[in-house]
Amino acid sequence: MLDINLIRTQPELVKQAVRDRQNPELIDVIDQALALDGKRREALREVETLKAQRNTVSKEIGRMKDAAEREAKIVEQRTVNERIAALDAELRQVEAELEAAVSALPNLPDPRTPVGATEDENVVLRTIGEPRAFDFTPQPHWDLGPRLGILDFERGTKLAGSRFYVLTGAGARLQRALIAWMLDLHIRQGYTEAYLPFMVKGDIVYAAGQLPKFRDNLYRDAEEDYWMVPTAEIPLTGLHKDEILDGASLPRNYTAYTPCFRREKIAAGRDVRGIKRGHQFDKVEMYVYCKPEDSDAALEAMREHAEATLAGLGLTYRVKQLCTADIGFGARMTYDLEVWAPGCNEWLEVSSVSNVGDFQARRGNIRFRREAGAKPELVHTLNGSGLGLPRTLIAVLENNQQADGSIVVPDVLLPWMGGITRLG
RNA sequence: GGAGGGAUGGCCGAGCGGUCGAAGGCGGUUGUCUUGAAAACAACUGUGGGCGCAAGCUCACCGGGGGUUCGAAUCCCUCUCCCUCCGCCA
């Protein structure tokens with residue numbers, strides 16, 4: 001969430017930001033917020049004056065001895081209270097509308113985020129590695145997997161419908177190895193592992209910025225206020241909600257494995273083949289809470305940590321910087337990592353690393369104190385995947401395939417493979 | 001799921017519906033004393049909002065929300081969480 005003070009003092013800056021993000025319709029929302037903010041402050045001034053008066057009068061009444069005089073004062077105060085009640089009701093209404101308006105506004109892009117009209121203006125910064133040259137036609141994973149008996153689409157569909165699949169045997173084991181290896185890698189990079197609830201309360205989803213905007217993309221319990229996490233970023237943001245952290249404890253780096261649940265209400269025919277996009281997928285996430293002045297450096301560090309996973313697996317990937325049209329709602333600056341999948345013949349997004357600034361911190365009321373007695377300040381938060389599992393699995397399967405259809409297990413995963421060096 | 005008991009400031013713990021933003025203690029900060037430290041003593045020690053250049057003034061907050069009242073930490077309703085016992089369960 002943006003600071004209402006910023007919107008009030010620099011409305012043009014905020015308007016330019018939504019224009020850059022290709023959300024010109026939000027200009028109206030900004031104007032609406034400004035109007036509501038004015039109304040709020042006006043009503044607040046009046047009601048607070050009346051309440052100060054009421055507090056004084058009530059104390060006087062408490063001290064009064066003369067019954068008649070006392071009664072007269074009480075009657076007089078009743079009419080003032082009616083006005084207070086009316087103003088309080090108005091204020092509640094205005095504040096709810098203001099909150100709704102401001103919470104609909106996306107974060108300000110970092111000045112270094114390139115301005116672009118569509119995702120085509122994302123910038124490929126560099127490519128690491130060369131797409132592997134094959135002396136045979138590389139197969140897509142949706143052919144490789146079933147042939148090897150490690151990937152079962154039919155039974156996934158039987159169990160849960162379209163966009164679900166089952167991994168069995170060495171396939172399931174390979175994914176588990178990837179998860180364990182990534183977690184251990186991030187721990188070595190300075191992150192603390194966390195095991196988190198996979199369902200969280202609505203206010204936690206809100207603090208992370210997914211509600212109300214992305215309501216339609218989330219699964220939720222039909223009877224209770226439980227929301228299935230679409231990413232570990234949600235519980236990791238909520239972890240320190242409403243806390244004042246000790247400045248000396250920053251940065252706090254977390255890594256967590258969670259499944260992710262998404263409705264993926266996209267066109268029915270798109271991305272249906274294979275395991276690229278499902279309603280349930282696994283992910284290892286990185287998350288950092290830090291001081292404002294440290295978040296720029298933390299973003300670069302996190303990008304490097306994510307890159308280290310791809311490099312460790314020996315995969316070819318490229319680093320993209322997203323433009324204003326494509327960065328996420330809460331993000332100021334984002335790097336995407338895309339891995340080359342020779343079977344699908346495309347670059348797959350496996351990681352997105354973002355500096356969110358104080359956007360989630362303001363929504364979640366997450367602060368820190370530089371030293372004892374200092375005023376609390378909002379922290380900055382960053383999140384990044386390290387990595388999304390299905391697409392990483394796709395890349396491993398497709399890149400490591402041999403002419404005979406077998407797949408060589410990457411060296412770093414061998415400790416978890418129980419002696420399996422090759423699938424098939 | 002059933003029956004009870006709780007929730008107060010960083011922590012512990014008081015609090016007849018009226019001068020309570022809240023006693024007392026612990027912890028913390030600063031000062032006095034001391035060569036230094038400890039002890040002792042003294043002062044200070046929550047968060048958010050509004051007005052103001054500032055000093056300061058003011059509003060709200062005693063788990064969340066709503067209500068009664070001139071006035072609520074204190075009374076009523078409701079929700080959440082925690083504890084004890086029973087049942088059930090991985």
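Protein chains get the first letters and strands the later ones, always in sequence-line order, with residue 1 at the start of each.
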Within the pair Arg369(A) and U29(B), is there a side-chain N or O less than 4.0 Å away from OP1 or OP2? no
Look at Glu293(A) together with Arg370(A) and state whether they make a salt bridge at an N to O cut-off of under 4.0 Å. yes
Counting Watson-Crick and G-U wobble pairs only, both distances under 3.5 Å, name the nucleotide matched with C51(B), or none. G56(B)
Using only modelled atom types and a 3.5 angstrom limit, is any donor from either the side chain of Arg70(A) or the base of G18(B) paired with an acceptor on the other? yes
Using purine N1 to pyrimidine N3 plus N6-O4 or O6-N4 for Watson-Crick, or N1-O2 and O6-N3 for G-U wobble, each under 3.5 Å, what pairs with G63(B)? C79(B)
If pairing means Watson-Crick or G-U wobble with both distances under 3.5 Å, then the partner of G10(B) is C26(B)
Does this structure show an ion pair linking Glu285(A) with Lys283(A), if we count only N-O contacts that are shorter than 4.0 Å? yes
State the pairing partner of U84(B); accept Watson-Crick or G-U wobble contacts with both distances under 3.5 Å, and report none otherwise. A3(B)
Could you tell me how the ring of Phe164(A) sits relative to the ring of His279(A): parallel (under 30°), tilted (30 to 60°) or perpendicular (over 60°)? tilted
Gap between atoms CD and P, on Glu76(A) and G71(B) respectively (whole Å): 14 Å
From the set U19(B), G50(B), C70(B), return the single nucleotide nearest to any side-chain atom of Arg8(A). G50(B)
Taking Ala68(A)'s backbone N and O only, do any of them form a donor-acceptor pair with Asp66(A)'s side chain (distance below 3.5 Å, no angle check)? yes
Below 3.5 Å is the cut-off: list the nitrogen or oxygen pairs between protein and nucleotides 74-78 of chain B, distance only.
none

For the pair Gln16(A) and Arg19(A), evaluate side chain to side chain donor-acceptor pair (under 3.5 Å) and give the outcome as yes or no after the intermediate values. CA-CA 5 Å; Gln16(A) 190 55 45; Arg19(A) 271 184 224 115; 2.7 Å; yes
Run the ring-ring contact (aromatic ring centres under 6.0 Å, His included) test against Phe329(A) and tell me which residues pass, sequence neighbours left out. Phe359(A)
Are His240(A) and Tyr254(A) close enough that their ring centres sit under 6.0 Å apart? yes
Walking RNA chain B from its 5' end, the first of Arg78(A) and Ile244(A) to be reached, judged by nearest nucleotide, is Ile244(A)
Figure out the CD1/C1' separation between Ile74(A) and U68(B), and round it to whole Å. 15 Å
What integer number of Å spans the C1' atoms of G18(B) and C41(B)? 36 Å
Is it true that, when you exclude Arg155(A) itself, more than 12 heavy atoms of the residues, nucleotides or ligands shown sit nearer than 6.0 Å to its CZ? no
Quick one: are Phe281(A) and Arg163(A) in side-chain contact, heavy atoms under 4.5 Å? no
Base versus backbone protein contacts along nucleotides 51-62 of chain B [heavy-atom cut-off under 4.0 Å; B, S, -]: S------SBS--
Between atom CG in Leu91(A) and atom P in G49(B), what is the gap in whole Å? 15 Å
With a 3.5 Å limit on both atom pairs, tell me what U34(B) is paired to, counting Watson-Crick and G-U wobble, or say none. none
